[in-house]
Visitor: 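Can you read through this structure? Questions will come right after.
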Amino acid sequence: MLTDFSLKWDKFIINFIDKGGYKQVLTGLEHTITVAVLGLIIGMVIGIVIAIISVMPKYPVLPYKMQRVYDRFLSKFPKNPALRIITLYYVFFAIMWVLQRIPVILQKICSLYVALFRGTPVMVQLLLGYFVLFPSMGIKITAVQASIIIFGLNSGAYVSEIMRGGINSVDVGQLEAARAVGFSYSSSMIKIVVPQAVKNILPTLGNEFIALIKETSIIGYAGALDLVYAFKQIGTSTYEYTVPYIVLSVIYIALVVIITAALKIMERWLAKSDRRN
Amino acid sequence: MIDVIELHKSFGKNEVLKGITTTISEGEKVVIIGASGSGKSTFLRCLNCMEDPTSGSIIFEGEDIANIHVDINRHREKIGMVFQQFNLFNNKTVLDNVMLAPYCLGKKKLKALKKDPAYNGPKTAKELKAVCREDAIRLLKRVGLEEKADAYPSTLSGGQKQRVAIARALAMNPKVMLFDEPTSALDPEMVGEVLELMKELAKEGMTMVIVTHEMGFAKEVATRVIFIDGGKIAEEGTPEEFFGAPKCPALKDFLSKVL
């Protein structure tokens, strides 16, 4: 058994170092990390935007500047219904009706987005995106770029729900205090509420990142060279998979351990305004 | 300064304010008292549209701020508010808490201001920041918390937090200050320091509207006391006649309980 393993190990070393397999592994590592990191960044941006939209007050109201334009415009239209049709009064009215309901409409769009991306496996999204949607739209991108976009969109759906919980966990008094000194809703959210929310959800977000880095192991199906793909090739060339797959697992474990440590440091750094440190 | 006309506020089917009409003039110190659930806090929160009134108007500087199409943020800068739970920004230091609003909101106005030839204030964001910082330190000195400038709110005591909150409200140079039970969440020994600060403010002529249970403070500082019962002003008057010879039976009952 042991001699058997050392034989396999020698085979792996020959392939990995002498035949240059490590170059592919390095590229694979790079792609895995790029997809996971950029995916998470895109996901966080999308997630924060969706979360803010979903906690926005829902009553129909135009921003005050638009309302003035609206009032001035409407007062200039004739009162006669026939003339109103000709002067596109109703078209204008309909546009304004939609604009007034932008929060509600955005919320509907966002919940559809979340339902779509949480409802399908990320592999299906990747295959559909890379082989069907992007080519049909005439977009020419590499498999890695497609993976970044798909993973970003996918994790955006998950992060938005995490983020919504985070925003709800911040005391409503924080928002009130920011509004009371004259900040608008959006700047109060961005300056005061979201930073505190991000701090609260950091452990969960770390979880998402760890899940993401492992989920990227499927990008090989779109032809992207990632860690799994690289080690598979090493295995294929010798028909010997034991060692490559063990080494692959060790690399994933190492990645996750590093991320965990980095998150701990970040958490401590962000907790400087906390009492418990 | 603030004219409140027929103010109504309902939460769903629960009508909290049932038509309040009053005027708060410049320099006045109005103390609002009432049993819990009578609507006194809601009334105060309606004054800067923290709660949007269901109907009625609130005329501040000639504009009806109860109208949702008015730019409320511009008016809120001139109406300071101090909360029961302090609500300091937990992710900012004490100094940042005080200077955040003047700096960030001032930066936005800078562009428009620079076009005005008569304007001779700070011209760049950097200069503005220095000015705001100076102002903030001056205010912190005034509330006696200069040495806490770089501390985070979580390390302060309740009384200190409330003093920082007052400094934060003052940083915008408000025309009127609203106090929503500023001492109710404090330990008894810290109530004094906050009330002392509020008395100083009152002496300097700040217009103040205060919801409180501190009757001694009301007697000493108020120029007018309003008793709210069942969403309406049941009685109002100077502290002497208000506490000396209450007319309304609900007020007599209330005073017998709290005094």
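Keep in mind the model is a prediction, meaning the values are calculated, not measured.
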Visitor: CD of Glu134(B): more than 12 outside heavy atoms within 6.0 angstrom?
Guide: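 Atom CD in Glu134(B) is not packed in, count stays at 12 or less.
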Visitor: Answer yes or no: does atom NZ of Lys129(B) have more than 12 heavy-atom neighbours from other residues, nucleotides or ligands under 6.0 Å?
Guide: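 No - once you tally the heavy atoms of other residues, nucleotides and ligands closer than 6.0 Å, there are 12 at most.
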Visitor: So which residue, Leu178(B), Asn87(B), Asn67(B), Ile79(B), ends up with the most heavy-atom pairs under 4.5 Å with chain A?
Guide: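 Among Leu178(B), Asn87(B), Asn67(B), Ile79(B), the one with the most close pairs to chain A is Asn87(B).
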Visitor: Measuring heavy-atom distances to chain A, does Lys108(B) have an atom under 4.5 Å in its side chain, in its backbone, in both, or in neither?
Guide: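 The side chain, not the backbone.
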Visitor: When heavy-atom pairs shorter than 4.5 Å are enumerated against chain A, which of Met50(B), Met81(B), Met172(B) gives the highest number?
Guide: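 Most heavy-atom pairs under 4.5 Å with chain A: Met50(B).
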Visitor: What do you reckon, is CZ of Arg142(B) surrounded by more than 12 foreign heavy atoms closer than 6.0 Å?
Guide: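 Yes.
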Visitor: Does the side chain of Lys191(A) come within less than 4.5 Å of Asn91(B)'s, by heavy atoms?
Guide: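 With C-beta onward as the side chain, the pair stays apart.
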Visitor: Heavy-atom count check: over 12 atoms from other residues, nucleotides or ligands less than 6.0 Å from Lys114(B) NZ?
Guide: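 Atom NZ in Lys114(B) is crowded, with more than 12 foreign heavy atoms closer than 6.0 Å.
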Visitor: Between Phe89(B) and chain A, which part of the residue has a heavy atom less than 4.5 Å away: side chain, backbone, both or neither?
Guide: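 Its backbone and side chain both get close to chain A.
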Visitor: Using non-hydrogen atoms only, which part of Leu100(B) is less than 4.5 Å away from chain A: side chain, backbone, both, or neither?
Guide: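 Both parts, backbone and side chain.
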Visitor: Around atom CD of Glu26(B), are there more than 12 heavy atoms of other residues, nucleotides or ligands at under 6.0 Å?
Guide: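 No.
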Visitor: Return a table of donor-acceptor pairs under 3.5 angstrom between the side chains of residues 170-183 of chain A and protein atoms on other chains or two or more places apart.
Guide:
residue, atom, partner, partner atom, Å
Asp171(A), OD1, Gly173(A), N, 3.3
Gln174(A), OE1, Gln196(A), NE2, 2.9
Gln174(A), OE1, Asn90(B), N, 3.4
Gln174(A), NE2, Leu88(B), O, 2.8
Glu176(A), OE1, Arg45(B), NH1, 3.2
Glu176(A), OE2, Arg45(B), NH1, 3.4
Glu176(A), OE2, Arg45(B), NH2, 2.7
Arg179(A), NE, Phe183(A), O, 3.0
Arg179(A), NH2, Asn73(B), OD1, 3.0

Visitor: What's the spacing between Leu105(B) CG and Ser184(A) OG if we round to 0.5 Å?
Guide: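 Rounded to the nearest 0.5 Å, the CG-OG separation comes to 8.5 Å.
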